[in-house]
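Taking it in order: structure first as structure tokens, then the write-up.
Naming: A, B, ... by sequence-line order, numbering from 1 per chain. Side chains included, hydrogens not; waters and symmetry mates left out as well; all remaining heavy atoms used. Given the structure is predicted, the values throughout are model-derived calculations rather than measurements.
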Amino acid sequence: MENLSTLTGKYGDEGDKLIFKVLNSGEYLGGKIFNKTKENLLSFLDNQIEKSKKIAPLSLQDIWDNETEKSVLEVLKMHMQEVGISEKALRYDLTVPFARYVVMNRNDITFPFKRYQVQPVWRADRPQKGRYREFYQFDADVVGSPSLVYEAEFFQIFAEVFKRLGTSVTIKYNNRKVLNGITEAIGAQDKFVEVVTIIDKLDKIGVEKVNEELAVLGVTPSGIDKLQVLFTLQGGDKEKLEAIKTTVSSSEIGVKGVEELQAVLSYLEAANFDFSTIEFDPSLARGLSYYTGAIFEVKAHGVQIGSICGGGRYDDLTGLFGLPNVSGVGISFGVDRIYDVLNELNLFPETMADAAKVLVTNFGVDEEKFSFNLVTKLRAAGINADMYPTQAKLGKQFEYADKKKIPFVAVIGADEMANNVVNLKDMVSGVQEKYTVEELIGKLK
RNA sequence: GUGGUUUUAGCUCAGUUGGUUAGAGCGCCUGAUUGUGGUUCAGGAGGUCGCCGGUUCGAGCCCGGUAUUCCACCCCA
């Protein structure tokens, strides 16, 4: 939970709408209130007016007489929310609260400061596949240095993580300064957000629609013409960056953005980084408004889902909380979406690494004590063992082992107890052999 | 936030113009096999048809409300 004021204004207009606001203790604004009859509603609101002078200026009866029922309800809802919403809100991401934390603890932190963090965050959005109201983010950030080496490190982290997960991804990147340069170069710097939003839709609606929307926005034909380089970039990232550099050559900030990315690539090159998974995308914008430099986005291959990671550099975020001139850069893994991807691509192992290796049978009152003693010995020897919990038919116990993918079953009945041996069945081959306890431990270890 | 869509057995889904006892596959249980899983065969259990109300002699099916699922837009993890 954060103060509402900590979160508002950090994520853009859309972000502000998606912040989960929290009601004051004891308030209830559920739909039931707004479905009441006129009489009930008016008497309810009279009580509210008594409680709060904030909505006293409203003459409810007047509005009711002159407006449609729906608009009255809208007006009432707005005023109700003014009364009911507290100064608290649920975390929207981990970056802004982290910036607040850094400012609060500035005296105890040695910069550059690195940290990782896993926690749930919330969006007041309509949920659908891959879009959740509550989901986990895994964030890694470093604040207190403008060094572009950190950008390179985050590329390495992305690449290493998805390599280990066995997932094929594309790490897309861009730089806000490049976008600034582009809007400057086409003489539309006063419409930065609008232009960038349209360009960002490129892969979704296509070049023609993008040009159309830019024209409607008021971008000059020569400006639009200049932009076409963006849509027809050829070659590797190095070539693309050179081409963009020419496009934004008239913009000081634009050139700086390109040079920053070139520097990052040079670090990666020095570290023998595999460039095949990364892709410079000058149309990549990202919604969060606090980014000022590099921006990242990771897309999974073979699964239709939004981006599974995001990130970028923010020069001024701590400044908003009273600590200026501290640059930071960080990335965020969308843990739930990554889970969805792994699940859909069947990348989770069939069995858990720490699942039981052997199931010891349970035949009855005397046998289960012998079995429990064996389980204890096996565990003491470092073998992951389990005993069937109740006396049951042997077939049932084998079936259980089969379904749990437990590779061995140790059968202990009257015969085995009398001879002080264990009858071990290999569930894959079906072969069954008798061992002493010591031999069994040696066999399973 | 806007526009759609889904909801019937544990799971995935059929269910005709409203008509007797709501079905299938898979799963589950029992037995064939009294101490031996996967395969096969035989049998069985399991449903307030999301919820509330209405129309009708009669509603899983029609109407109203509500919840919910998923999708598109928007936006993003």
Can you list everything that forms a ring-ring contact (aromatic ring centres under 6.0 Å, His included) with A:F370? Sequence neighbours excluded, please.
none
Please check the phosphate of B:rC29 (OP1 and OP2 only) for any side-chain N or O of A:K396 closer than 4.0 Å.
yes
What does the list of N/O pairs under 3.5 Å between the protein and nucleotides 68-71 of chain B look like, with a distance for each?
{"residue": "B:rC71", "atom": "OP2", "partner": "A:K129", "partner atom": "N", "Å": "2.2"}

Contiguous pairing runs of three or more, Watson-Crick or G-U under 3.5 Å, that involve RNA chain B
B:1-4 with B:70-73, B:10-13 with B:23-26, B:28-32 with B:40-44, B:50-54 with B:62-66
Tell me, which pairs form a salt bridge (Lys or Arg N to Asp or Glu O under 4.0 Å) where one or both residues lie in residues 146-167 of chain A, sequence neighbours left out?
A:K114-A:E153, A:E151-A:R313, A:E160-A:R164
Sequence neighbours excluded, the answer for side chain to side chain donor-acceptor pair (under 3.5 Å) partners of A:Y435 is A:E433
Under the side-chain hydrogen bond (donor to acceptor under 3.5 Å, both in side chains) rule, what pairs show up with a residue in residues 355-364 of chain A, not counting sequence neighbours?
A:N362-A:E368
Between the side-chain atoms of A:E14 and the base atoms of B:rG1, is any donor-acceptor pair under 3.5 Å?
no
A:F275, CZ: over 12 other non-hydrogen atoms inside 6.0 angstrom:
yes
Counting only non-hydrogen atoms, which of residues 332-339 of chain A are less than 4.0 Å from RNA chain B?
A:G334, A:R337
Tell me the interatomic distance from A:N423, atom CG, to B:rU36, atom C1', rounded to whole angstroms.
10 Å
List in chain and number order the residues that pass ring-ring contact (aromatic ring centres under 6.0 Å, His included) with A:F363, two or more places apart in sequence or in another chain; answer none if no residue qualifies.
none
What does A:Q304 touch in the nucleic acid at a heavy-atom separation under 4.0 angstrom: a base, only the sugar-phosphate, or nothing?
nothing
Walk along nucleotides 38-46 of chain B from 5' to 3' and tag each nucleotide B, S or - by protein heavy-atom contact under 4.0 Å, base first, then sugar-phosphate.
B--------
If you draw the axis of the six-membered ring of A:F398, does the NZ or CZ of A:K425 fall within 45° of it and under 6.0 Å from the ring centre?
yes
Residue pairs passing the salt bridge (Lys or Arg N to Asp or Glu O under 4.0 Å) test where at least one lies in residues 381-400 of chain A, sequence neighbours excluded
A:R379-A:D386, A:E399-A:K403
Would you list the atom pairs, donor with acceptor, under 3.5 Å between side chains in residues 409-417 of chain A and any protein atom, with sequence neighbours excluded?
{"residue": "A:E416", "atom": "OE1", "partner": "A:G413", "partner atom": "N", "Å": "2.9"}
{"residue": "A:E416", "atom": "OE2", "partner": "A:N423", "partner atom": "ND2", "Å": "3.4"}

Does anything in residues 438-445 of chain A come within less than 4.0 Å of RNA chain B? Heavy atoms only, and list the residues if so.
none
Search all heavy atoms of A:S327 against all heavy atoms of A:D315 and return the closest pair with its distance.
OG-OD1, 2.5 Å
Parallel, tilted or perpendicular: which one describes the rings of A:Y116 and A:F138, with boundaries at 30° and 60°?
parallel
Got a salt bridge between A:K299 and A:E279, using NZ or NE/NH1/NH2 to carboxylate O under 4.0 Å?
no
Touch check for A:T197, heavy atoms < 4.0 angstrom, all strands: base, sugar-phosphate only, or nothing?
sugar-phosphate
